[in-house]
Amino acid sequence: MLAFDDSKEFLSTPPMKTVRFGDSVANTLAKFKKGDTRDYELLKHQLSEPDIKDGQIINWLQEFRGCVTQLSKDHEQLIYVVLRLPWLGRSQAVVDEYLSFLSSLVSAQTVYLRTCLRMAVSHFTPGRIQIQEGDVNISDSDDDDENLPRNFDRCHQALQIIARYVPSTSRFLMPILSENFPFVQKSSRSLECYVHNLLRVTLYIPSLRREILELIVSKMLALDVSAPRAEIEEVEENAAIHQEASGDEDEDTEVNTSTAECVMAHPVAERLDMLMAVLLTYIKDMCYVNGSLELERTKALYRDLMYVFDKLVLPTHASSHVQYSVFYLCSIRLGLAEAFLDHLWKLLQGPSQPPVVRQAAAGYIGSFLARAKFLPVATVKACLDLLVPWLHLYINSQDSGTRAFCDITLHGPFYATCQAVFYTIIFRHKAILEGNLRKGLAYLQGFNLERIVMCQLNPLKVCLPAITNMFAAITRSGRMIVPLYQVWEEPSDCGVDTLKKEIKKGSVEDEDDFLHGETPHMDTEMGVTPGSFESHLRSPSSVGSPPIAFLQRPF
């Protein structure tokens, strides 16, 4: 028998919420149409109860599905409440009923298409948790939610159902995907989840892939240009020094070191690195199925990525990392790399192209030829066989004119192409001379480089840019790039000295600027310094005028 106090506690405890009040959904809608809103407001209140039960959700959804044709634009607030029902974390029976309601709603009332799409996309990032430290609210994503993969699956199931019933879904979905993209200041986890889910949409709505890639790359570029590489390097170096110093006093040094290696100290670099890893993994997964290269899928992805490259990456001067997505894709098959070079060559030649685009194309050609380890020497030579004659033709067209003097504004594409040739020879001369020194020298002598060096346009005054710091050496995502990347190797005496003697018909000073000067240095151990793709910016006085900023390209 219960004691008195226990009985009192029992009587004061509210019953479980299994009782519903008000009329049926159909009758409630009929009353609302006549102006009686009491049951309508009660219905919205009951649907918003935080501890609503699975059985209640199922019953409500079944009733709504039975009168879906009555749910006009006048019931927008009610539909909003229904769509916010907590269905993702519920039983499969609730999920099935919710998806059935969703399909019925968009089929009968397309006016709610955008609302349904927004509901699904709103769950592309982890839910927020409230964190308060003193007077500061630092609430962010719930990274510990172990149900995230399942919830994401259900969101994509909802989108696929909507797309199946409404053919025009893609036209309305893309603006919503763009509007809901998290601010770049959000946590790496939020950005990672959202970009992962965006790329997953391309699997069942492939017509959106080009636009989705464009959206992702535009956001990544915003991160890229907001954090100069020198700033990232400084933060990483300071963090490494601090870690080393604290490790001497910490008995758990090994644990701390492994944790530090997983997260970059610079917050923007960490977000960008995370997104690069997601994008590179997507490229790999799209190109390979069960370990076998799917050529047609790879070509289609290449076309989409090149569209984005031309539109966004190529004109962006301060980008240092995002373009490595193209670098990685081209490494998958030589034909893609050659197609990329051919595409850049056409842009460089195109007189109708803006000068900045032509210059950027030349810069990418040079850095790609110099840096891509997967390019055979035959491909490098084939490109030089196009670039060098183009330079000579350009000199021919200027020598007799009044504009044949050193002017960056007038001759930007020419200087950018000179840089591409010089850069390529500096990095690839060893491979060109390898095997048959005499034949290799004859090949290089045939370029008549001394004429280019000595022409009135004086390319040596402006064509020695800073070689930018290596992206792959300072990121995790860089592990996918490192095996593909050509690093600088100090030349042996036999190769470069002989080459210099053959070219040495200009002044000693000019020749030294071109071949001897300050050369890029590469640490032999990856990761010893954050910037092992080290650049040495020569002072303007050493070449007569400042280097051209737009010629500095990052491969």
Any donor-acceptor pair under 3.5 Å from [X] side chain to [Y] backbone:
X	Y	answer
E63	V25	yes
R114	F172	no
Y288	I283	no
T110	V106	no
D224	H321	yes

Between [X] and [Y], is the ring centre distance below 6.0 Å?
X	Y	result
F124	H156	yes
F64	Y98	no
Y328	Y324	no
H75	F32	yes

So which heavy atom on [X] is nearest to which on [Y], and how close?
X	Y	answer
S367	Y423	CA-CE2, 3.6 Å
M276	V322	SD-CA, 4.0 Å
K73	Y112	CA-OH, 3.6 Å
D74	Y40	O-OH, 4.2 Å

Going by the rule salt bridge (Lys or Arg N to Asp or Glu O under 4.0 Å), which residues pair with [X] if we only count those two or more places apart in sequence or in a different chain?
X	answer
D54	R90
E211	none
R154	none
E338	none

**Request:** Test Q157 against D153 for side chain to side chain donor-acceptor pair (under 3.5 Å), laying out the working first.
**Result:** CA-CA 6 Å; Q157 190 179 357; D153 286 344; over 6 Å; no
**Prompt:** Mind checking whether L61 and L85 have side chains closer than 4.5 Å, heavy atoms only?
**Reply:** yes
**pair F101-V82: side-chain heavy atoms closer than 4.5 Å** =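 Side-chain contact under 4.5 Å: yes.
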**Counterpart residues, side-chain contact (heavy atoms from CB on, under 4.5 Å), relative to R171 (two or more places apart)** = S168
**Asked** Residues in side-chain contact (heavy atoms from CB on, under 4.5 Å) with N180, at least two apart?
**Response**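 Expected list: V121, I176, Y194.
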More than 12 non-hydrogen atoms from neighbouring residues, nucleotides or ligands closer than 6.0 Å to [atom1] on [X], yes or no?
X	atom1	value
Q62	CD	yes
R150	CZ	yes
Y204	OH	yes

**Message:** Under 4.0 Å between a side-chain nitrogen and a carboxylate oxygen: does that hold for D285 and R297?
**Reply:** no
